[in-house]
2 protein chains.
Amino acid sequence: MISQTSEYALRAVVCLAQHSDKPHTTAEIAKQTKVPEHYLSKVLLMLAKHEVVYSKKGLHGGYMLAHSPENLPLLNVINAVDPIKHIKTCPLKLKTHGTNLCRLHERLNDSIDLIEELFRTSTVGTILSDPTKSIPLCESTSK
Amino acid sequence: MISQTSEYALRAVVCLAQHSDKPHTTAEIAKQTKVPEHYLSKVLLMLAKHEVVYSKKGLHGGYMLAHSPENLPLLNVINAVDPIKHIKTCPLKLKTHGTNLCRLHERLNDSIDLIEELFRTSTVGTILSDPTKSIPLCESTSK
DNA sequence: AGATAAAAAGACCTTGACATCTATTTTATC
DNA sequence: GATAAAATAGATGTCAAGGTCTTTTTATCT
């Protein structure tokens with residue numbers, strides 16, 4: 001449904017949101033989120049290119065969120081690494097359909113719209129503020 | 001979002017629903033739906049195993065729908081070939097989370113639930129009956 | 001019974017997502 | 001200005017989904 005890469009990106013962003021006091025290195029984030037370190041570095045790179053996170057180089061550098069958690073919809077994170085693609089034209093390339101999708105593909109596209117809407121309206125802030133017993137990504141005892 | 005294989009399965013099922021008078025061979029369905037023929041045969045096999053379609057071997061054999069379109073939710077088709085998987089346990093294997101998902105994974109699972117619900121409540125009949133200019137999978141002129 | 005046409009089974013190939021490893025470049029800090 | 005710590009870039013590996021091809025089994029019609 002949501003790609004592995006997107007899930008990794010979300011983990012990283014939530015992790016950064018939880019510790020927004022200072023930049024965090026790839027290694028730190030990888031350890032917290034249990035994402036393969038070298039792969040995470042690529043994911044963070046994409047997030048930086050799309051200005052979801054801000055990267056600070058050099059000694060004591062690392063990654064920080066580029067926006068406040070409340071202003072960062074999950075959709076932005078997902079679209080940065082693995083954009084949600086809508087069905088715009090008939091996959092069968094039927095001439096007479098053109099831009100008019102048949103009911104089947106319209107229905108499939110509806111499901112995509114639904115997902116998109118859900119992730120547009122829920123932000124990283126939502127994830128953090130919601131009262132719950134489990135703190136995201138952390139063992140309960142560790143904080 | 002929805003796998004290629006699931007999409008193929010849906011095309012095949014819709015195609016069968018449109019011509020329910022007699023069994024149709026893999027080759028016929030493949031031509032109508034523009035699905036790679038040999039791959040389609042595997043997909044149909046799975047649909048038959050899950051009793052979404054009925055297969056008749058031998059001369060004048062082929063595939064037919066095993067249920068009326070109104071009694072066949074799209075979800076059944078999808079689950080036959082590429083089951084929707086829910087997030088039931090913490091992907092990070094955090095001990096203290098156990099079966100309690102954190103808000104992040106809860107949210108991701110919400111999106112899966114949403115999709116599942118949509119496909120549970122819309123049937124092959126829905127796809128066919130809905131008034132629309134485009135007949136599913138067919139050039140408009142052909143019927 | 002034999003020929004034929006269809007599904008079923010299974011071996012094999014291709015491609016892209018995921019993942020790892022090893023440079024190279026940049027830039028804070030001393 | 002040297003150095004260390006970080007991001008960045010690139011080469012390469014792995015694996016499962018998607019796709020192709022061939023052979024076997026089964027039903028039907030002369």
Side-chain angles (χ1 to χ4, degrees), chain A residues 1-12 16 19 22-66 78-85 91-92, chain B residues 1-13 15-16 19 22-66 78-85 91-92:
Chain A
M1 201 62 51
I2 288 296
S3 75
Q4 189 65 49
T5 303
S6 292
E7 209 253 304
Y8 287 167
L10 288 169
R11 283 192 210 174
L16 286 176
H19 315 96
K22 62 179 176 66
H24 292 272
T25 74
T26 304
E28 284 171 357
I29 303 169
K31 192 177 178 192
Q32 271 287 317
T33 59
K34 302 201 177 174
V35 174
E37 178 174 340
H38 290 100
Y39 192 64
L40 179 62
S41 84
K42 290 192 170 177
V43 173
L44 287 168
L45 209 55
M46 287 189 277
L47 290 176
K49 281 211 175 90
H50 286 82
E51 299 182 329
V52 170
V53 299
Y54 162 78
S55 80
K56 179 173 152 65
K57 286 186 173 185
L59 192 57
H60 302 141
Y63 288 100
M64 298 189 74
L65 277 195
I78 293 169
N79 275 339
V81 297
D82 195 5
I84 290 181
K85 47 224 156 300
L92 281 77
Chain B
M1 200 64 48
I2 288 296
S3 75
Q4 189 67 51
T5 303
S6 292
E7 208 254 306
Y8 287 167
L10 288 169
R11 284 192 210 175
V13 164
C15 178
L16 287 176
H19 315 96
K22 61 179 176 64
H24 292 271
T25 72
T26 304
E28 285 170 357
I29 304 170
K31 192 178 178 191
Q32 272 286 320
T33 59
K34 302 200 177 176
V35 174
E37 178 174 340
H38 291 99
Y39 192 65
L40 180 62
S41 85
K42 289 188 172 180
V43 172
L44 287 168
L45 207 56
M46 286 189 279
L47 289 176
K49 283 215 174 89
H50 286 84
E51 298 181 329
V52 170
V53 300
Y54 162 76
S55 81
K56 181 172 152 66
K57 286 185 175 184
L59 192 57
H60 302 143
Y63 290 99
M64 298 189 75
L65 276 196
I78 293 169
N79 275 339
V81 297
D82 194 7
I84 289 181
K85 47 222 154 301
L92 282 77

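These values consider heavy atoms only, across backbone and side chains, with no hydrogens, waters or symmetry-generated copies. Lettering of chains follows the sequences in order, A, B, ..., and the numbering in each one begins at 1.
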Relative to the 5' end of DNA chain C, which residue comes earlier, A:L40 or B:L44, by the nucleotide with the nearest heavy atom?
B:L44
Length of the line joining A:E37:CD and D:dT8:C1', which is rounded to integer Å
14 Å
Mind calculating the distance between CG (B:L16) and P (C:dA7) to the nearest angstrom?
11 Å
Gap between atoms CE and P, on A:M64 and D:dA7 respectively (whole Å):
13 Å
Point-to-point distance, once rounded to the nearest 0.5 Å, from CD of A:E7 to OG1 of A:T5:
10.0 Å
Pairing residues for B:S6 by the side chain to side chain contact (heavy atoms under 4.5 Å, CB included) criterion, not counting sequence neighbours
B:I2, B:S3, B:I78, B:V81, B:D82
Should B:H24 and B:C15 count as side-chain neighbours, where that means a heavy-atom distance under 4.5 Å?
no
With each end axis built from five pairs of C1' atoms, what bend angle do you get for the helix from C:dA1-D:dT30 to C:dC30-D:dG1? Round to 10°.
10°
Rounded distance in Å - CE (B:M46) to P (C:dA7):
16 Å
Going by number, which of residues 49-61 of chain A have a non-hydrogen atom under 4.0 Å from DNA chain D?
A:K49, A:S55, A:K57, A:G58, A:L59, A:G61
Please examine the side chains of A:M1 and B:M1, heavy atoms only from C-beta on, and report whether any two atoms are closer than 4.5 Å.
yes
Quick check for you: to the nearest 0.5 Å, what is the distance between B:L45 atom CG and B:Y63 atom OH?
5.5 Å
In whole angstroms, how far is the P atom of C:dT27 from the OH atom of A:Y63?
13 Å
Take A:A48 and B:S41, find for each the nucleotide of DNA chain D with the closest heavy atom, and name the residue whose nucleotide sits nearer the 5' end.
A:A48
State whether B:T25 places a side-chain N or O below 4.0 Å from either non-bridging phosphate oxygen (OP1 or OP2) of C:dA5.
no
List in chain and number order the residues that pass side chain to side chain contact (heavy atoms under 4.5 Å, CB included) with B:A30, two or more places apart in sequence or in another chain; answer none if no residue qualifies.
B:E37, B:L40
Could you tell me the separation between the CG atom of A:L44 and the CG atom of A:L16, rounded to the nearest 0.5 Å?
7.0 Å
Euclidean distance, atom CD1 of residue A:I29 to atom C1' of D:dA7 [Å, nearest integer]
12 Å
Could you grab the distance from atom NE2 of A:H60 to atom OG1 of A:T25, nearest 0.5 Å is fine?
11.5 Å
Output the rounded distance in Å from NE2 (A:H38) to P (D:dT12).
17 Å
Determine the minimum heavy-atom distance between B:K34 and B:R11, stating which atoms define it.
O-NH1, 3.7 Å
Walk along nucleotides 11-18 of chain C from 5' to 3' and tag each nucleotide B, S or - by protein heavy-atom contact under 4.0 Å, base first, then sugar-phosphate.
B------S
Nearest-0.5 Å distance, CD of residue B:Q32 to NE2 of residue B:H19:
5.0 Å
Can you tell me which residue pairs pass the side-chain hydrogen bond (donor to acceptor under 3.5 Å, both in side chains) test with a partner in residues 48-58 of chain A, sequence neighbours excluded?
none
